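Quantities reported herein were computed from a predicted structural model and do not represent experimental measurements. Basis for what follows: all heavy atoms, side chains included, without hydrogens, waters or symmetry-related copies. Chain A is the first sequence line, chain B the second, and so forth, proteins listed ahead of strands; every chain is numbered from 1.
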Amino acid sequence: MSSIAIIDFETTGISPNMGDRATEVAIVMLEGGQVVDRFQSLMNAGVRVNSFITQFTGITNEMVQAAPPAEQVMREAARFVAGRPMVAHNAAFDKKFWQAELARCGQDASHPYACTVLLSRRLYPQAPNHKLGTLAALHHLPSSGRAHRALADAEMAAHLLAQMQHDLRTRYGFTELDHALLMGLQRTSRYQVGAYLKARVGGLRSSI
DNA sequence: TGCCAGGCCCTCTTTAGGGCCTT
C-alpha cells in the first residue's frame with residue numbers, strides 16, 4: 001500500500017527569499033487512511049524568533065537555541081520522507097521552505113506536492129473558508145495538540161486528507177486513491193471536478 | 001508596529017485587481 005508524507009513547517013516568517021528560516025518541522029506518514037508514522041523536531045537555523053512568531057506558535061528563542069542544527073534535522077527529515085509524494089496545507093508555502101532548507105544541505109527536494117487547500121476548494125466549495133482549523137471543525141476532525149505547532153498541524157492536515165479520501169471513496173466509488181489522482185484533482189477547474197472524477201473512477205458510479 | 005512573498009482563484013476579468021492561505 002502506498003504512503004503519503006504530510007508535512008508542516010513552523011518558520012520565522014513567510015518567505016525564505018526574504019531570509020526567513022524554519023524553526024520546526026513535522027511529517028506524518030499516512031497509509032490506507034491511517035497515520036502509521038511521525039517525525040517531528042525543532043531546529044536551530046541560527047536566527048532569532050520575533051515576538052509575533054513566539055506568540056503565534058509558542059516557539060521561543062530558548063527552544064530554538066537548544067534544538068539540533070537545521071541541516072541535521074533536514075537530512076533526517078529527507079531520510080524519513082524517502083522520496084514519497086508529499087502533501088501540505090497551502091503546499092506552496094511548505095514546499096518553498098522544504099526546497100530552501102534542503103538546498104542548504106545539498107539535498108534533493110524534487111518531491112511532488114499536493115495541496116489540501118486546493119483540494120478542499122474542489123471538494124468542499126460550501127466551506128466558509130479553507131483554513132486548516134475551519135476545515136477541521138467542519139469535519140469534526142480530532143485535535144492532536146496546540147494549533148500552529150508543526151506536529152499538531154501536520155496531524156490535522158493528515159486527518160483532513162484522510163477525510164477527503166473517505167469522501168472520494170464513498171461519494172464517487174473510488175477503490176484506489178493515489179497521489180497522482182490528488183494532483184490531477186487539484187489542477188482541475190472547480191467546474192470540471194465532477195467530470196474529472198467520473199472519468200478517473202472509470203464510470204463506476206458518481207453522485208454528481 | 002507594520003511590513004516583507006507567491007501561487008491560486010474569483011470576477012463588476014482577460015491590456016487587472018484583490019482576496020485567500022501559509023508563518
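- Summarising the geometry, the separation between CG on A:Asn90 and C1' on B:dT23 is reported as 10 Å, rounded to the nearest angstrom.
- Within the nucleic acid shown, A:Asn50 has no heavy atom closer than 4.0 Å to any nucleic acid atom.
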Could you pull out every donor-acceptor pair under 3.5 Å between side chains of residues 71-83 of chain A and any protein atom, sequence neighbours left out?
from, atom 1, to, atom 2, distance (Å)
A:Gln72, NE2, A:Glu76, OE2, 3.4
A:Arg75, NH2, A:Cys105, O, 3.2

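- In terms of heavy-atom proximity, A:Glu31 sits nearest to A:Ser2 at CG-O, 3.8 Å.
- Contacts between residues 16-25 of chain A and DNA chain B, defined by a heavy-atom separation below 4.0 Å, involve A:Asn17, A:Met18, listed by number.
- Under the rule for a side chain to side chain contact (heavy atoms under 4.5 Å, CB included), the partners of A:Thr54 that lie at least two apart in sequence or sit in another chain are A:Val49, A:Thr60.
- For B:dT22, the OP1/OP2 oxygens have a side-chain nitrogen or oxygen of A:His89 closer than 4.0 Å.
- Computed from coordinates, the A:His148 NE2 to B:dT22 P distance equals 8 Å when rounded to whole Å.
- In this structure, A:Gln186 places its CD atom 16 Å from P of B:dC21, rounding to the nearest Å.
- Residue A:Arg190 is in sugar-phosphate contact alone, with no base atom involved, counting any heavy-atom pair closer than 4.0 Å across all strands shown.
- The closest donor-acceptor contact from the side chain of A:Asp178 to the backbone of A:Leu181 lies under 3.5 Å.
- Shortest non-hydrogen contact noted between A:Met43 and A:Ala22 is CG-O, 3.5 Å.
- Nucleotides B:dG2 and B:dG17, compared at atom C1', are 23 Å apart to the nearest Å.
- In the set B:dT11, B:dT23, B:dC21, B:dT11 carries the atom at the smallest distance from any side-chain atom of A:Tyr191.
- Note on A:Thr57: only backbone sugar-phosphate atoms sit closer than 4.0 angstrom, heavy atoms only; bases stay farther off.
- Aromatic pair A:Tyr124/A:His139: centroids less than 6.0 angstrom apart.
- Across B:dT13 and B:dC8, the matching C1' atoms stand 15 Å from one another, rounded to whole Å.
- For the C1' atoms, the distance linking B:dT15 with B:dC21 amounts to 28 Å, nearest Å.
- At distances below 3.5 Å, not a single donor-acceptor pair connects side-chain atoms of A:His130 with backbone N or O atoms of A:Val117.
- Residue A:Gln55 is out of contact with every strand shown, counting any heavy-atom pair closer than 4.0 Å.
- One atom, CG of A:Asp153, and another, P of B:dT22, lie 8 Å apart when rounded to the nearest Å.
- No option in A:Val47, A:Val64, A:Ile59, A:Asn50 other than A:Val47 meets the side-chain contact (heavy atoms from CB on, under 4.5 Å) test with A:Thr12.
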Which atom pairs, one a donor and one an acceptor, fall under 3.5 Å between side chains of residues 146-165 of chain A and the rest of the protein, sequence neighbours left out?
from, atom 1, to, atom 2, distance (Å)
A:Arg146, NH1, A:Phe56, O, 3.3
A:Arg146, NH1, A:Thr57, O, 3.1
A:Arg149, NE, A:Glu24, OE1, 2.9
A:Arg149, NE, A:Glu24, OE2, 3.4
A:Arg149, NH2, A:Glu24, OE2, 2.7
A:Asp153, OD1, A:His148, N, 3.1
A:Asp153, OD2, A:His148, N, 3.3
A:Glu155, OE2, A:Arg38, NE, 2.5
A:Gln163, NE2, A:Asp167, OD1, 3.2
A:Gln163, NE2, A:Asp167, OD2, 3.4

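- Note: CZ (A:Phe56) to C1' (B:dT1) measures 17 Å, nearest angstrom.
- Atom P of B:dT11 sits at a distance of 26 Å from the matching atom of B:dC4, rounded to the whole Å.
- Only A:Phe93, A:Lys96, A:Leu118, listed by number, bring a heavy atom of residues 92-118 of chain A to less than 4.0 angstrom from any atom of DNA chain B.
- Rounded to whole Å, atom P of B:dG2 lies 15 Å from atom CD1 of A:Ile53.
- Which of B:dT11, B:dT23, B:dC21 sits closest to the side chain of A:Glu10 comes down to B:dT23.
- Sorted by first and then second residue, the salt bridge (Lys or Arg N to Asp or Glu O under 4.0 Å) pairs involving residues 89-109 of chain A (not counting sequence neighbours) are A:Arg21-A:Glu101.
- Straight-line distance between the P atoms of B:dG7 and B:dT1: roughly 31 Å, to the nearest whole Å.
- The aromatic rings of A:Phe9 and A:Phe97 lie tilted to each other, with the angle between the two planes from 30° to 60°.
- B:dG18 atom P lies 22 Å from atom CG of A:Asn129, rounded to whole Å.
- Nucleotides B:dC12 and B:dG19, compared at atom C1', are 15 Å apart to the nearest Å.
- Atom CD1 in A:Ile14 sits about 7 Å away from atom C1' in B:dT23, given to the nearest Å.
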